[in-house]
Amino acid sequence: MRGKFSCNRFPDATRSASNNGNTIPLFVALFLHIRYHPTITMTDNKPQQQDESQLVAARRAKMGRWIDDYGVYPWGNREDNLSSLEDARAVFDQSAHDAFKENSENDARPRVKVAGRCVQHRAMGKLTFLVIRDDSGDLQISCSKSAMPIEQFKVASKLDYGDIVVAEGAMGMTNKGEICVWADSFGLACKSLAPPPEKFHGLSDAELRYRQRYVDMYTSDDTIKTFKTRSRIVSTIRSFMHDEGYVEVETPMMQPVAGGAAAKPFETHHNALGIPLFLRIAPELYLKRLLVGGMRKVFEINRNFRNEGVSRKHNPEFTMLESYQAFGDCETMLELTEEMIRSAANAVGDASSMQFGDHVIDYAKPFDRVGYGEVFEQAVGCSMHDEAAIRAKAKELGFGDADSKNHWLLVSDLFDGYAEPMLNPSRPTFVTDFPSAISPLTRPHENEETLSHRWELFVGDMEIANAYTELNDPDLQLQRFTEQMQGADDEVNAFRSLDDDFIHALRVGMPPAGGLGLGIDRLVMLLTGMESIRDVILFPLMRPQEQTDEADA
RNA sequence: GCCCUGUUAGCUCAGUUGGCAGAGCAGCUGACUCUUAAUCAGCGGGUCGCAGGUUCGAGUCCUGCACAGGGCACCA
């Protein structure tokens, strides 16, 4: 099979016939040919092609020459039996290489066929070295003029950065000890017409990296690594949940009532039904209905949408794991969470020491635990139950609404502003026993109704997870929702309406349960050492760029 | 929404007190059979983010706008 792919001008007839039932007629070939020479065909036509960057024009011109002079088809074809660059490197055989060095008649070196994008290119007359890259790594391709057809060598020696190639040959080594493919067959698989970034620094402009992630991915090797790690984390969590007996489900992302959290939703509209819909801010109320229906353990890993600003820790769409276990409680979910994070950390590194910013975080040791009220008192200097002291403190700290705002909302503000930052970022910490007043979906303590069976997990200055013993008393739940709606200001309230059907479901009867929400993006940040959420989301939200050629009416 | 910083060649970046727009990489032409960000010789490449203003003169100073990064606010 060696040397099978190649320099054919166009795909052969059988191949294209199998694709679409047509062979490629001459006029199509001519059409393609014309398109390859915009600078020639449009010389006297000023428009777009003329001001196309010289670099793009140079690439088009080179492609045109290859087509004319060497019969190259610049868009490639199916290739079977390709090795990943990592696998190809692994089959290198030192003894076969040594034997070949001693006597070139004796060539037992393994052969490989590989493909990748050119990221380095060094042509030295009759010898050309280039480095190609795929998602498994880099590999040098060495091309000797004497080892392959002359047209193939000419393409190799004039190759542009960014071109995608297929090469076939023996896995060997250079005199300088670089493991490489000594190609005896070399072909273009896709011409890259866009000028690439600087080959040493790559794309360092953050905006370009996010807007043109496809360039960032092949330019900076950390990018693909990060997203492969993300994939491994998610699949580890998924199989962990499956092993624990949880059933994975998908619930609506478009909801008539956006419930389960207090965030502002995105609004959309269903044309045929003529109804407004909201993108979900949480799947919670649907997942709990499944417990009502009889599922004992469920989870969903998917997107939530919250109409808020962006920051290093926030993207308007983000991925959450939510899970519910019938006959569990918040303690059940705490144990589950700790074990799950530990196994995810171990799947991608050493759980006992994961670097995140300036911190080395140990997920192997039991996580810390501290009561909400306890942290609060340490940070603020008074009990969270002491309303007068809270109001005084809030006033002292310059809160404008210190007199009017609900006591527990003040407590929550003070906690977020002063207590949360006191938590040790390098210690995963469960903050337990949140105030009931700010936990409307949570069961209160039996003997202390101001506290609830709820915890949040903080790591690296971020809230990672949130769990409760679920409130399943329908009358109390209805009361909480009602209070919540009355308490909200007009802006927030505009999006809130009571989910009557959820209350009905609770009346049908939901078993006692523990529930958990875990931010996947933030967990991935922690486990990959990325301090911006945009670096763990493939296509983070960006404002569209202004149109340059604006035709205003 | 607010504050700070940034925006100069395809990319990475310099640009002095306001006085002719610079480098490296990439590109083009040539040399080179063991390179490693190859090297050497030569050549081309600019709406200095956009729009105004001050000035004899603006990449540089001022105002507004756009986008980005960081911070704040929002996010129970």
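Computed over heavy atoms, backbone and side chain alike; hydrogens, waters and symmetry mates excluded. The chains referred to below are lettered A, B, ... by the order of the sequence lines, with proteins before strands, and numbering in each begins at 1.
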**Study point:** N or O in side chain of A:S157 less than 4.0 angstrom from B:U33 OP1/OP2
**Key:** no

Review point. Mind checking the P distance from B:G15 to B:G49? Whole angstroms is fine.
Key: 15 Å

Check your understanding: Considering only B:G27, B:G69, B:C74, which nucleotide approaches the side chain of A:E308 most closely?
Key -> B:C74

Review point. Could you give the CD1-to-C1' distance, from A:I533 to B:G70, as a whole number of Å?
Key: 16 Å

Review point. Checking all strands, does A:A437 fall into the base, sugar-phosphate, or nothing category for heavy-atom contacts under 4.0 angstrom?
Key: nothing

Review point. What interatomic distance, in whole Å, is found between C1' of B:G53 and the corresponding atom of B:U60?
Key: 15 Å

Review point. Tell me: NZ of A:K158 to C1' of B:A26, nearest whole Å?
Key: 14 Å

Practice item. Rounded to whole angstrom, note down the C1' distance from B:A21 over to B:U63. Key: 26 Å

Check your understanding: Mind checking whether A:F376 and A:F415 have ring centres under 6.0 Å apart?
Key -> no

Check your understanding: Hey, does A:P440 reach any base, or is it just sugar-phosphate, or nothing, if we go heavy atoms under 4.0 Å?
Key -> base

Practice item. Mind checking A:F434 for me? I need base, sugar-phosphate or nothing, with any heavy atom below 4.0 Å counting as a touch. Key: nothing

Practice item. May I ask you to say what A:R211 touches in the nucleic acid, namely base, sugar-phosphate or nothing, with a heavy-atom cut-off under 4.0 Å? Key: sugar-phosphate

Check your understanding: Looking at A:S204, does any N or O in its side chain come under 4.0 Å of the phosphate oxygens OP1/OP2 on B:U12?
Key -> yes

**Study point:** Base partner of B:C72, which must satisfy Watson-Crick or wobble distances under 3.5 Å
**Key:** B:G1

**Study point:** 5′-ward residue of the pair A:R59/A:P195 relative to RNA chain B
**Key:** A:P195

Check your understanding: Roughly, in whole Å, what's the span from CD in A:E207 to P in B:U5?
Key -> 19 Å

Review point. Where is the tightest heavy-atom contact between A:V114 and A:L139, given as atom of each residue plus distance?
Key: CG1-CD2, 4.5 Å

Review point. With a non-hydrogen cut-off below 4.0 angstrom, is A:R534 in contact with a base, only sugar-phosphate, or nothing?
Key: sugar-phosphate

Exercise for review: Please find out if less than 6.0 Å separates the ring center of A:F278 from that of A:F266.
Suggested key: no

Point to revise | Spacing of A:L208 atom CG relative to B:C13 atom P, expressed in whole Å | key: 11 Å

Review point. Over how many whole Å does the gap from A:H314 atom NE2 to B:A73 atom P extend?
Key: 11 Å

Exercise for review: Using a heavy-atom cut-off of under 4.0 Å over every strand shown, decide if A:T174 touches base, sugar-phosphate, or nothing.
Suggested key: base

Point to revise | Test item: A:R454 side-chain N/O and A:I438 main-chain N/O as donor-acceptor pair under 3.5 Å | key: yes

Review point. Rounding to the closest angstrom, what is the interatomic distance between B:G46 and B:U55 at atom P?
Key: 32 Å

Practice item. Could you check whether A:S146 gets within reach of a base, just the sugar-phosphate, or nothing at all, counting any heavy atom under 4.0 Å? Key: base

Review point. Which word best sums up how the rings of A:H445 and A:H453 line up, parallel for under 30°, tilted for 30 to 60°, or perpendicular for over 60°?
Key: parallel

Practice item. Answer yes or no: are there more than 12 heavy-atom neighbours, outside A:D358 itself, under 6.0 Å from its atom CG? Key: no

Exercise for review: Describe the nucleic acid contact of A:E198 in one word from base, sugar-phosphate, nothing, applying a heavy-atom distance below 4.0 Å.
Suggested key: base

Exercise for review: Please state whether the base of B:C11 and the side chain of A:H201 form at least one donor-acceptor pair under 3.5 Å?
Suggested key: no

**Study point:** P atoms of B:A37 and B:G22, separation to the nearest Å
**Key:** 31 Å

Check your understanding: With a 4.0 Å cut-off on heavy atoms, is A:R543 in touch with a base, just the backbone sugar-phosphate, or nothing at all?
Key -> sugar-phosphate

Review point. Less than 4.0 Å between a side-chain N and a carboxylate O, is that true for A:D138 and A:R89?
Key: no

Study note, to complete from the structure: Of the candidates B:U36, B:C25, B:A76, the side chain of A:R122 sits closest to B:U36

Revision key, fill the gap. Separation of B:C75 atom P from A:F415 atom CZ, nearest Å, is 16 Å

Review point. For the side chain of A:Q54, counting heavy atoms from C-beta on, which of B:G44, B:A38, B:C11 is nearest?
Key: B:G44

Point to revise | Side-chain N,O (A:K199) to OP1/OP2 (B:U12) below 4.0 Å | key: no

Point to revise | Distance, C1' atom - from B:A38 to B:U33, rounded to whole angstrom | key: 14 Å

Review point. If you measure from the P atom in B:C43 to the same atom in B:G24, how many Å do you get, rounded?
Key: 12 Å

**Study point:** Nearest-Å distance for atom pair CZ/P, residues A:R312 and B:C74
**Key:** 18 Å

Point to revise | base_contact_polar (B:U36 base, A:Q120 side chain, donor-acceptor, <3.5 Å) | key: no

Practice item. Please work out whether the ring planes of A:Y161 and A:H121 are parallel, tilted or perpendicular, with thresholds of 30° and 60°. Key: perpendicular

Review point. What nucleotide, of B:C74, B:G10, B:C32, holds the atom closest to the side chain of A:L55?
Key: B:G10

Revision key, fill the gap. note: A:E531, atom CD; B:G69, atom P; distance rounded to Å ~ 15 Å

Review point. P atom, B:U16 versus B:A76: distance in rounded Å?
Key: 48 Å

Review point. Among side-chain atoms of A:H97 and A:Q94, is any donor-acceptor pair under 3.5 angstrom?
Key: no

Point to revise | B:C48 pairs with, by Watson-Crick or G-U criteria that keep both distances under 3.5 Å | key: none

**Study point:** Pairing nucleotide - B:A9, Watson-Crick or G-U, each distance under 3.5 Å
**Key:** none

Point to revise | Closest-nucleotide ordering on RNA chain B, the 5'-leading residue of A:K126 and A:A123 | key: A:K126

Review point. So what does A:S412 hit on the nucleic acid, given a heavy-atom distance under 4.0 Å: a base, only sugar-phosphate, or nothing?
Key: sugar-phosphate

Point to revise | Counter-base of B:U36, judged by Watson-Crick or G-U geometry with both distances under 3.5 Å | key: none

